[in-house]
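Protein chains get the first letters and strands the later ones, always in sequence-line order, with residue 1 at the start of each.
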Amino acid sequence: MGITDSAPAQEPAPEQARAFDIIQPPKGPWRETFENLLRTPSAVVGMILMGFLITIALLAPLIAPHDPFKSLLDIPQEGAVRRSSPCIHLLGCPKAGDTLIDISGDQPVGSVQLNNERLLLTRGNAVEVWRVENEELLFTLTHDEPVTAASWRSDQAILTASDNKLFIWKERRIIEEFESEDNVKFVLWSNDGTRFISANDRAISFWFDCATADFAPSCPMGTKEWVKEGVAELEADWTSIQWHSDRPQLMVASGNVVQLWDSTAGVVRAFATLEHDEPVTSALYNKRGTRILTTSGSTLRTWWAASPFEEIQAFQYSAPLTGGSWGEQTLGGREDVRLSAVSGNHLIVWDSSSGEQSADLSAGDETLIAGVVSPLATQYAAYSDTTLYVWNAADGELVLTQEAEAAIRNVIWRQPNGGNVIVHRENSAHVIKTTNFQYILGIDGSVRDQFSRLLYGARVSLSVGVLSVSMAIILGTVAGLVAGYVGGWTDNVIMRVMDVMLAFPSLILAIAVVTILGADIAEFFIRTIPFFGFLDPGLVNALIAISVVFVPAYARVARSGVLSVKEYDFIEAYRALGATPGRILFRRILPNVLAPLIVQATLGIGTAILDAAALSFLGLGAQPPIAEWGRMLSEERAQFQTAPHLVLFPGLAIMITVLAFNLLGDGLRDALDPRLNR
Amino acid sequence: MTGYILRRLILAIPVIIGILFFTFALTRLLPSDPCRQQLQEHATEAVCREFNRRHGLDQPIPEQFRRYLGDIARGDFGDSFEYGYSVSRLMVERFPRTLELTVYAMLFAIIVGVPLGIISAYYHHSAIDVGTMVGANLGVSMPVFWLGLMLAYVFGVLLKDTIFWLPPGGSGVDTRPFYEVWGLSVEASETSIWTFIAHMDTLNPLLGGNLAGFWDNFRHMILPMAALGTIPLSIIARMSRSSLLEVLGQNYVRTARAKGVRERGVVFKHAFRNAMLPVVTIIGLSFGSLLSGAVLTETVFGLSGVGDALFSAITGRDYTVVQAFTIVIAIIFVFVNLVVDILYVFLDPRIRLE
């Protein structure tokens, strides 16, 4: 059955219709089509999917848990780990306290360091490097004797100390080997990697790379090797050593003083001393290396790290303080500096800008060893001999208490986004989740919530599909109607043009059209048609290209429809009544060719969505930060080996949407096809 | 029948001229200035006048079109801006790989698709039938590039260290040109047919007797082939199923059954050949989607074929390459459709009688 009442076959004589009424009430053609649709299972599935998608598209701002366009790091909230794995709620998402990664063994773990999502740990005679993301042992560097210290340079060169020797490893091979002083228990690369130190309790040796131009004057003639150039002798055992983040300066805390050593051009000298009344228990640079935090006795002090090397602030507490830590959050325009230290079973936090004590958190009966503020300063972690504690900064709530038999040696926040801590216990290293924040489908490379982006993507895809097909229908139908109705020369020209367009594979033609459409045309469309306002110029270009590609298909359908209808008597009758050709075309003929056009359009929307996604995938459609599924896929495609979920879900979304339109289109075709309507 | 083929050939000529005119119009009649487009900040007035003179852009439009047709008739597509050599040479380097990829994908689609369609028609309404049709519906709804990435993940990453592992990207080893292996002293210029064949990744080692090289190159082709072939496979499976079902409802099939032909005989002897007619059409039509898909598949798998060249030409605004490749692809598409139409004459005697 057709869906209009003007075709002659569907116009029963009035008497007949009335007689028919008694047996079965007449149904509107639309209603009949709809009932036919409901009888086709696949069409019902298509309609359900479509309703689901439209709901999502409309309600996206309400459902989306996060802003789809903004990096989660701009919002001070921890736990957003770049390209983190998805978490399906039904399968149980990790909560605070869950162990994400567990690296344990029989031998004691000497030290644990984190560098660019790789974990380096020393264990017995070996240095092991693990990839944190998937708990994979990348490689092991085996030594003949126990490894006493290790450090890791930004270019992945590893410095190790074992049996009075120092080794530099690169790509799993020893590239340098030196004799060192006895009992080296600490080694550390400078941040630029041109020098390092090795230290035992009382002496720190500086080593320089003679291949670097800076040191050439102080190196022996012609050597291209590493030389040990200066030794810093200390009066007491050191408590902390740290390189400055970009100057060749070393900070050493020992006894009552913090000394700053300069090593520019290979000359080692102490150039500043920060005097304290009581032994210094901890000392730390801040992130930018402008200030130093020290704890000594029951006072926490901050100092200028450059001239005049004076005390800036001093915070008093009622009991001795140890384990000082900086907490700096400077993202999103916030300048939030917190200072923390532990004392007995308390973690005390001061706000640097106001100079006030902002928290005094107690942790049961155990004596805390040190506290660490998370990278975004929204959480505090502290540990006693066997227990790990984590508090929320905002309300001081104790989120996590984790006790185990093995003693804790160190706790490090997972950089750069927090949300996890790495706990170094006697025989193991664990990554423990510290927040309850969850990201259902994971986080993409720009630290945006993928789930929210997928929801907003439904809006983009549906509107691109519908808009491009509408444009194509309008152009194609007018062309087809005119060609079919006027006939002759006009028909020939129009249809030959359409033939030529059909001769191009659709995507290739779309690509060609997009390349020649400049930004001007897209701007014009965005300015003149209000509905295009929320699309970006790239997407509008893609949309125009897709509609151009689709025009011939609709022109053909419309033309064949006109040809089959225009010879009927009722059209002739209207013409005889003096109706204008325009009126006949649009009021009498168009309704009769609507059915095939609707089928073609529904199927076409699916194809349009696929093509738009393909264009965006090739970088020709949507531009960042717009959440378009094809674009999302192409942005993460280089990482598909390590983060397949970021490729899987956008693709699934495209597939489901296209499937919905295909199923509905097939169903409509069956429902509207008179041949199948027996 | 010769008359029919001739008529079809003649009908293709206006379409090809239309294609040429269309691509010409795309690049020339638009407001953007090619000199400024290509030379960017170096485009001073004097430089542009010289540029326009050298490229004949100062001539009237009809004259430009005439020259353009002449160039193309001589096989001269101009020089690539990005590669620094002729587009013809670029085509000879890139086309063989795409040709192999599309042919393999098509073979894969036909070899798997047609039997699937027949089986699901034969066991109509069975679990196999429903499964195949659900699969086919999903297959046509999938983005090619996504399927490619997922296949690369499953076979290249998940199945690593198993015998099912397949290389997730790139092409295999370079093999010696077959004519050198044969000891032929042919004059293989950069655009000759010999070079064209020698650039075929799997045919060249096969001709040269290098089986290891063939296998390595073929292995690199398997995933792209599967990714590219899935959409035509789904279409072919759907088409052969519905077409066979329609034919099985015809009177002559009922007659065949009535005279006691076994069901297998009915399907394969009586129904199959007639049912395959629309399938042949759909195979020809799928070719266009294959060429479109090749652009995406090659980008995903890092195969340096036509699609890859076209893609980098687009991003690098290398208009000569875009224009030339678009023309060639469109013309190939027209000819494939022509071949399908002609094939139809052999398959359907009714057309011959017209």
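Between B:Ala330 and A:Pro505 the shortest heavy-atom distance is CA-CD, 4.5 Å. Of all heavy-atom pairs between B:Phe333 and A:Ala503, the closest is CD2-O, 2.7 Å. Here the closest heavy-atom approach between residue B:Val300 and residue A:Phe617 is recorded as CG2-CZ, 3.6 Å. Taking each heavy atom of A:Leu610 and B:Ser141 in turn, the nearest pair found is CD2-O, 3.9 Å. Pairing each heavy atom of B:Pro143 with each of A:Ile654, the nearest pair is CG-CG2, 3.5 Å.
Of the atoms belonging to B:Val144, not a single heavy atom falls under 4.5 Å from chain A. When heavy atoms are compared at a cutoff of 4.5 Å, A:Leu659 approaches chain B by way of both its backbone and its side chain. Heavy atoms of B:Ile16 lying under 4.5 Å from chain A are absent altogether. Using a 4.5 Å cut-off between heavy atoms, B:Met150 touches chain A through its side chain atoms alone.
In terms of non-hydrogen atom pairs under 4.5 Å with chain B, the most contact-rich of A:Leu502, A:Ile609, A:Leu652 is A:Leu652. Comparing A:Asp499, A:Leu663, A:Leu633 by heavy-atom pairs within less than 4.5 Å of chain B, the highest count is held by A:Leu633. In terms of heavy-atom pairs under 4.5 angstrom with chain B, the leader among A:Asp666, A:Val513, A:Ile508 is A:Ile508. Interface remark: of the candidates A:Arg496, A:Met501, A:Arg637, A:Arg637 forms the most heavy-atom pairs closer than 4.5 Å to chain B. Ranking B:Val334, B:Ile19, B:Val15, B:Leu290 against chain A, the residue ahead of the rest is B:Ile19, based on heavy-atom pairs under 4.5 Å.
Interatomic distance, B:Trp146 CH2 to A:Phe649 CZ, rounded to the nearest 0.5 Å: 10.0 Å. Taking CD1 of B:Ile331 as the start and CZ of A:Phe504 as the end, the distance is 9.0 Å to the nearest 0.5 Å.
Side chains of A:Val497 and B:Phe22 form no contact here, defined as non-hydrogen atoms less than 4.5 Å apart. B:Leu296 is listed as a side-chain neighbour of A:Leu507, based on a closest heavy-atom distance under 4.5 Å.
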Verdict with supporting geometry, B:Tyr153 and A:Val647, side-chain contact (heavy atoms from CB on, under 4.5 Å): CA-CA 10 Å; B:Tyr153 181 70; A:Val647 173; over 6 Å; no
Show your working on side-chain contact (heavy atoms from CB on, under 4.5 Å) between A:Val500 and B:Phe21 and close with a plain yes or no. CA-CA 10 Å; A:Val500 169; B:Phe21 181 73; over 6 Å; no
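Around atom CZ of A:Phe139, more than 12 heavy atoms belonging to other residues, nucleotides or ligands sit under 6.0 Å away.
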